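For reference, the structure is listed below as structure tokens.
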There are 2 protein chains.
Amino acid sequence: MSSKWVYSFGEGRAEGRAEMKNLLGGKGANLAEMSNLGLPVPPGFTITTEVCTWFYANGRSYPADLRAQVDAALAAVEAVVGMRFGDARNPLLVSVRSGARASMPGMMDTVLNLGLTDATVQGLADRSGDARFAYDSYRRFIQMYGNVVLGVEHHHFEEVLEEVKRERDYTFDTELKAEDWQAVIAGYKAVVDRTLGRPFPQDPVEQLWGAIGAVFGSWMNQRAITYRKLHDIPADWGTAVNVQAMVFGNMGDDCATGVAFTRNPSTGENRFYGEYLINAQGEDVVAGIRTPQHLTIAGKEANGSTLPSMEESMPEVFRQLDAVRLKLERHYRDMQDIEFTVQQSKLYMLQTRTGKRTAAAALKIAVDMAREGLIDERTAVLRIEPKSLDQLLHPTLDPKAKKQIIAKGPAGLAGAASGKVVFTAEEAERLSELGESVILCRVETSPEDIHGMHAARGILTTRGGMTSHAAVVARGMGRACVAGAGELRIDYKRGTMLVRGVEVKAGDILTIDGSTGEVMLGEVPTIQPELSGDFALLMGWADRFRRMKVRTNAETPLDARTARKFGAEGIGLSRTEHMFFDADRIVAVRGMILADTEAGRRAALARIEPMQRQDFVELFKIMTGLPVTIRLLDPPLHEFLPASEAEMEEVAASTGTDLQKVQQRAHQLHEANPMLGHRGCRLGISYPEIYEMQARAIFEAAVVVFQETGETVTPEIMIPLVGTRKELDILKAVIDRVATEVSQRSNRPLDYLVGTMIELPRAALRAAEIARTAEFFSFGTNDLTQTTFGISRDDAASFLPDYQRTGIFEQDPFVTLDTDGVGELVQIAAERGRGARPGIKLGICGEHGGDPSSIYFCEKVGLDYVSCSPYRVPIARLAAAQAAILGEKAASEA
Amino acid sequence: MSSKWVYSFGEGRAEGRAEMKNLLGGKGANLAEMSNLGLPVPPGFTITTEVCTWFYANGRSYPADLRAQVDAALAAVEAVVGMRFGDARNPLLVSVRSGARASMPGMMDTVLNLGLTDATVQGLADRSGDARFAYDSYRRFIQMYGNVVLGVEHHHFEEVLEEVKRERDYTFDTELKAEDWQAVIAGYKAVVDRTLGRPFPQDPVEQLWGAIGAVFGSWMNQRAITYRKLHDIPADWGTAVNVQAMVFGNMGDDCATGVAFTRNPSTGENRFYGEYLINAQGEDVVAGIRTPQHLTIAGKEANGSTLPSMEESMPEVFRQLDAVRLKLERHYRDMQDIEFTVQQSKLYMLQTRTGKRTAAAALKIAVDMAREGLIDERTAVLRIEPKSLDQLLHPTLDPKAKKQIIAKGPAGLAGAASGKVVFTAEEAERLSELGESVILCRVETSPEDIHGMHAARGILTTRGGMTSHAAVVARGMGRACVAGAGELRIDYKRGTMLVRGVEVKAGDILTIDGSTGEVMLGEVPTIQPELSGDFALLMGWADRFRRMKVRTNAETPLDARTARKFGAEGIGLSRTEHMFFDADRIVAVRGMILADTEAGRRAALARIEPMQRQDFVELFKIMTGLPVTIRLLDPPLHEFLPASEAEMEEVAASTGTDLQKVQQRAHQLHEANPMLGHRGCRLGISYPEIYEMQARAIFEAAVVVFQETGETVTPEIMIPLVGTRKELDILKAVIDRVATEVSQRSNRPLDYLVGTMIELPRAALRAAEIARTAEFFSFGTNDLTQTTFGISRDDAASFLPDYQRTGIFEQDPFVTLDTDGVGELVQIAAERGRGARPGIKLGICGEHGGDPSSIYFCEKVGLDYVSCSPYRVPIARLAAAQAAILGEKAASEA
């Protein structure tokens, strides 16, 4: 069987296309595409990724017919450029570059100026009229080829160069003249000869095959293997090899090289944006040795530069480049990142690819392009990475400000903030009431710290991570947070924090940046987010395409209002226990927990009930017309237990018991594994009076809201941690009884649903049975992940790093839903639940409800809504829209 | 549609059969069966359970054609006995009794002597020639009918009787003469009249329908509802009603009544065994007012009774009864529990049913009947309740001994023991080495107490329950155990135990009985179990029919030897961490846990390795020729952490670190939910050197055993807590590497398997993937139950009682496998595992591996073996055999 292994491009046509990335790699496919567009691409050819696969499947050898195809392709290049490979008078030089399906910058090898030999270097000198240029090019080639292909270590070459410079008393490379470079070349060749025991190859064809082999070989070097592992790129994709005629931007002052974006990648403004250098090579622009000049007059002026722009210095070439820009945008329908070279006033395009951009730019570009008619609104919606919205919603550090970084936590949380250091939630509240900005610094946070976290601008913990209590709560509140800056040592007693000899005291100013995880001394200026009209426009399009509703997890009025502002369509999870930590209630709550009789519990509950009712009244008013899901008391009781003797005394006093009894009971309630202990609906089964009180507070609040506003509220009451239908039956009976009582007493009919969290594997498996009682399911994927994996989120920090290092977890399963395991349970539950109760309402309220790739999964399973922290609501709206659009596409393609 | 609602029986034939229990209830079906056998059954008829269902489905009314069928059946009875219902001179009297599919003793209502009226009582007096008997019967009827059918409270009747006795200055009922009973009857009738406003019914047909209605009505009384709930009897089964001609055992000295077993129900001996009373009613035998006499001369002599046996006093009737006994046994092919009445020298059979028996009797009866050819060996195997073997394997209390009970724990553990009270494992070991019997008393036990538990005769804890550490370990060791005698308060400091004012000191003698949960002061004599030849014979049959292998969970040589003696076919779970608690190793183990560098861990591991190797050498030698599954280190690390400062100092000294560092590290290792923490294979991923050491110890032990005995050992190395295939891949690579090293160094080929526990829901779901690496699966159903339900076994005690009370859990899911939830995961894993690796070895090693109903499930899923504690091995062998036999039956019937 004979295959096509080589694809030619250049001179206004090509055998490949942009869609052939899998075969030609990204670079090769785009070089072909640009050729087809008639753009000035130096001619060349691509050896396909299939050759790479063949190479590794056959002991690093090549297909028999490859050589003939390469020879033919090379001959075609010679014909186009009118030069011959190895011709001493008019030599064709080529570059050899790798190019995989996905970009792997710097991971694999490149060889430039290939084809230069002792003979051809003369021809290059003659034809360019610049001997220094020719010899410099040759010595660069020997150095690059010697290192990359022949494996001679770099320092050998460096030593030769240094020796020549020392002999001649030069400081800079620029001082070397043509004859100096000749001396260096002689030294380089000697190095190769000495190291390898054979001379540097003088046959260009031998050079070419050496370089091709090196590129294929570099696919399996350690650097590339590691990169692929980190970026989840399969090894069997392989790389292509691109061989292309060299063009030179450093052949004189009519030469130049540059990089550009077709629009501004920071702001998204529709203006040509780029830099160039006269008489320079590509790497000079990037390396920052010379100051690059702006492409356009506008760019030059905006940056106060005095160096001439390309628009001024090379107006004709600039005009051609600007035309290329328009052509590329119209063709690719996206902002492009391009590389070009001007050789003796002729423009050559060397690369085009989709340009990276900031979140703000992505938004503007997507909306502008839709307005310009380049893309449709669906495509615009797909163009924004949902997670990047975090950048638009939170304050960010001024990128120009100076920073004195003293510690780092994990990157990836949103927001930046400055403020005075405080070490307790109480102090945070006190100072904030005085109008101060504070950063709350704790070893770790617990539900008791929530009021302080609310009061603070930012939260800093020394323990924890992306899914720790601090991170989760901060995300929900939109607070800046660095969770788990492990080098910091907090000493609560002394009121200080120590890191590498630096001591931070209470009252000192600190700045934290959640996105980078950095902790900085002093105040670093932040930039407040401004939500442009484009944002609202794009989110409006997203909402049109979205199938799933987006609700929020909220229990405070502030959170609920924030979420509504961000577009939440109801509350998917209101954790009633979060309402229990307020200073004015916690004593009553503790009294309830510690009571060892029903009468004692009822007494404490009676004190809590009016406050709880008021909570619901407020929530219902904020969410009028929208569904509100309220989860009855869930958490492990130990979260409420008094820890200190002072707290125990307070409880003893308020309940009229003696301290010893309180201590005893607290000890009795201690659990070995509270996560799997007496919590969730198990509390409701043991102490029905608790759920009874909560149900009454909910129904009475609904009545109050109706009386005050005339609006009907439909609470969705959610029973947590159900594992059997019977639990739900028993507790639903309690709720129904209370509803009847309230309804009769108030003479109001009550509309409500009773449903359950699906957060235990058993509940997922028994969903058919449970759905006969449950009117809705909400997937509690936090706990479902904990039980399915048998991993405690609180304790995972001790081995998660090992699990990520060894590749066992590609993502933290508490951040991104494990679709294979946990996801199968969600799917089973959804199917069985629907089977038993067609149309049963299905949602998700775990942390995953705000994670885009988990949201895609929810769309696939067909959930009715996702629920997430207020600040994640826009992210979820966008992700849900993308999921719906991609789902439609997949369906129409199937 | 007309249905048959009524089935007649009596006079040597019947319309029903024993197989018609669902329709006729147990009592009705057996009355019919006895009639068909030609036994003397008083004639009667059964109104079917379908009438009960109809009754409740139709507002407590009857099918239209029922009355005609009852009339016809009643007429048939009249014809047989030659009496007429309501005939003043020769009245037919009947009993009306309920009879459901399952026996519900005392739960529903019975009416005797129905048909007596002011008119018919005369006829009864005349025909019996005993007026006192007739009036006594009539007043009993009014009282019973008045209470059961008419709802007149009991005390009203009591008051009348007391009044009559007071007037006449009588003390005992026996003093009342015929005319006195007439006065009582007048009073009773007045009570009914006064209470209901209408007279006591004098129409026998009205009486009959009243009684039928009352029996059906009693199916839904609270008592019956509760009983059904407790015994899992569906309400829609309904009850039948049996109407039967009365016979009287109290009509004179040629009358008698009795109960008997066709064989001895305590020993199983094939001898007629029963009691009777002359001139008495059935309830007199049961009530214990008069001393019952023995049926047989042999029985009388064996019990040193002086009262004449029935064999002597009524030789002819006895001969008939003995013939009935043989007929029933030959017919039912099982030991029967019968009731009979002799009326004027004529024998009547009133009931037969399968008799309850002790474990020893069950064994002997089954084996004897098989020998006698009454049943085949398969049936004999099915006749023994596997759990009852516990009674045969453990010492039991002498039932005649006096007991001073001071506290109670849950019943249901095996064994009884006496000994001196000790409060620490160390003291238990010390005294036992001096030859003393000890009872180890602890609040709860932990793995560190194991050596003391071994040394003790019995273990008593004040916390815990049937599946607590103490119970599980004691079961495995065959120790007597009372786990969770909650009223006891142990004061370790003072060395005392307090319960309701009684103080027990260290050194006092205590007796505990695991089967009842009783704790007794002083020594109560125990009876050592004797395993008869019958036991070995029956177990041999069981082994022939068994498909699944039975292995044991064992790590000590003692346990392994015990299990082999009980027939274990290998080790299914050897928990290597249990080997770590010995006094001479725990310091090294702690040193390893607390080391914060690999070098530190390796140093500690080097000290442990030779001991670990020796453990395996011993196990392998005991189990030569059998598979041995070794689970690598699994438990939450905190189990090993030093708790006291003294222990920390010891670790600090032995590892040359300072105390503060040890404390810090111990604090760092503390986990919120250790069950879901850094344990199982997560330890192997973080610290591969631990598993490396264990693998080396295993392989080197295999080499040593081969060198010493010439036997080849095939260890099955098991990785715990796997959730992803990758974990297994990484750790299998470590094990394979070590195997190669040991094999090369010792110049021996090594045979071994590497597999995994399936104990996380995710592992069950991903079984197909995992099976591509795992060579066997062992279902760790303890942890799988914990994670599937989200319940910590250590903490469940606080709500399990509520869950059992409310019927959420019918069984403790840690005792009996939850086939609906956990079982589905086991099934999924088995199917997917086999799909990926046909023939993959599948076993179970959780506590459920020794639970009969869980074993039936394992057979259904097709596991290859079950593994359980040594003392459960015989139970598992028997249960596995029964499961296989029932499986065959089901298959052949399908």
Side-chain angles (χ1 to χ4, degrees), chain A residues 636-638 668-680 682-683 685-687 721 723-727 729-730 759-766 769 783-796 798-799 801-803 805-809 813 818 820-822 824-825 828, chain B residues 636-638 668-680 682-683 685-687 721 723-727 729-730 759-766 769 783-796 798-799 801-803 805-809 813 818 820-822 824-825 828:
Chain A
L637 290 185
H638 79 109
Q668 205 179 7
L669 288 175
H670 172 81
E671 295 186 307
N673 298 287
M675 177 56 54
L676 308 177
H678 200 178
R679 53 169 292 225
R682 296 162 198 165
L683 295 172
I685 296 290
S686 294
Y687 313 129
L721 215 70
T724 68
R725 182 189 174 191
K726 187 110 191 205
E727 291 167 315
D729 285 344
I730 292 173
E759 52 187 335
L760 295 175
R762 194 178 194 281
L765 295 168
R766 306 304 297 167
E769 211 176 41
D783 278 5
L784 192 58
T785 300
Q786 295 200 92
T787 47
T788 304
F789 275 98
I791 292 179
S792 158
R793 199 164 60 157
D794 296 331
D795 302 310
S798 55
F799 57 89
D802 296 327
Y803 267 52
R805 179 180 48 75
T806 51
I808 295 170
F809 286 162
D818 159 50
D820 286 348
V822 180
E824 183 175 5
L825 286 176
I828 286 173
Chain B
L637 289 185
H638 80 110
Q668 203 179 11
L669 288 176
H670 172 81
E671 294 186 307
N673 298 288
M675 178 55 54
L676 308 176
H678 199 178
R679 53 170 291 227
R682 297 164 197 165
L683 294 172
I685 297 290
S686 295
Y687 313 129
L721 215 69
T724 68
R725 182 188 174 190
K726 188 109 190 207
E727 292 166 315
D729 285 345
I730 293 173
E759 52 186 333
L760 295 175
R762 194 178 195 281
L765 295 168
R766 305 306 296 167
E769 212 175 41
D783 278 4
L784 191 59
T785 300
Q786 297 200 89
T787 46
T788 304
F789 274 98
I791 292 180
S792 158
R793 198 163 63 159
D794 296 332
D795 302 310
S798 56
F799 56 89
D802 296 327
Y803 267 52
R805 179 179 50 74
T806 51
I808 295 170
F809 286 164
D818 159 50
D820 286 347
V822 180
E824 183 175 4
L825 287 175
I828 286 173

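Quantities reported herein were computed from a predicted structural model and do not represent experimental measurements. Proteins get letters first, then strands, A, B, ... in listed order; numbering begins at 1 in each.
Residue B:Gly790 comes nearest to A:Leu760 through the heavy atom pair CA-CD2, 3.7 Å, listed as atom of the first residue, atom of the second, then distance. A pairwise comparison of heavy atoms in B:Met675 and A:Leu676 identifies CG-CD1, 4.1 Å as the closest pair. Scanning all heavy atoms of the two residues, the minimum distance from B:Ser686 to A:Phe799 falls at OG-CB, 4.0 Å. Minimum interatomic distance between A:Thr787 and B:Pro761 (heavy atoms only, all atoms of both residues): O-CD, 3.4 Å.
Residue B:Glu727 touches chain A through both its backbone and its side chain, counting heavy-atom pairs closer than 4.5 Å. Neither the backbone nor the side chain of B:Ala796 comes within less than 4.5 Å of any heavy atom of chain A. Proximity to chain A involves both the backbone and the side chain of B:Asp820, based on heavy atoms less than 4.5 angstrom apart. A:Glu671 touches chain B through backbone and side chain together, each having a heavy atom under 4.5 Å away. For a residue to count as touching a neighbouring chain, one of its non-hydrogen atoms must lie under 4.5 Å from one of that chain's; by this rule B:Thr724 touches chain A with the side chain only. Within the 4.5 angstrom heavy-atom criterion, only side-chain atoms of B:Arg766, from C-beta onward, approach chain A. Looking at B:Ile730, the atoms closer than 4.5 Å to chain A (heavy atoms on both sides) all sit in the side chain, from C-beta outward.
For the side chain to side chain contact (heavy atoms under 4.5 Å, CB included) with A:Arg762, the lone residue among B:Ile791, B:Thr785, B:Asp818 that qualifies is B:Asp818.
At a threshold of 4.5 Å between non-hydrogen side-chain atoms, the residues A:Phe809 and B:Lys726 do not count as touching.
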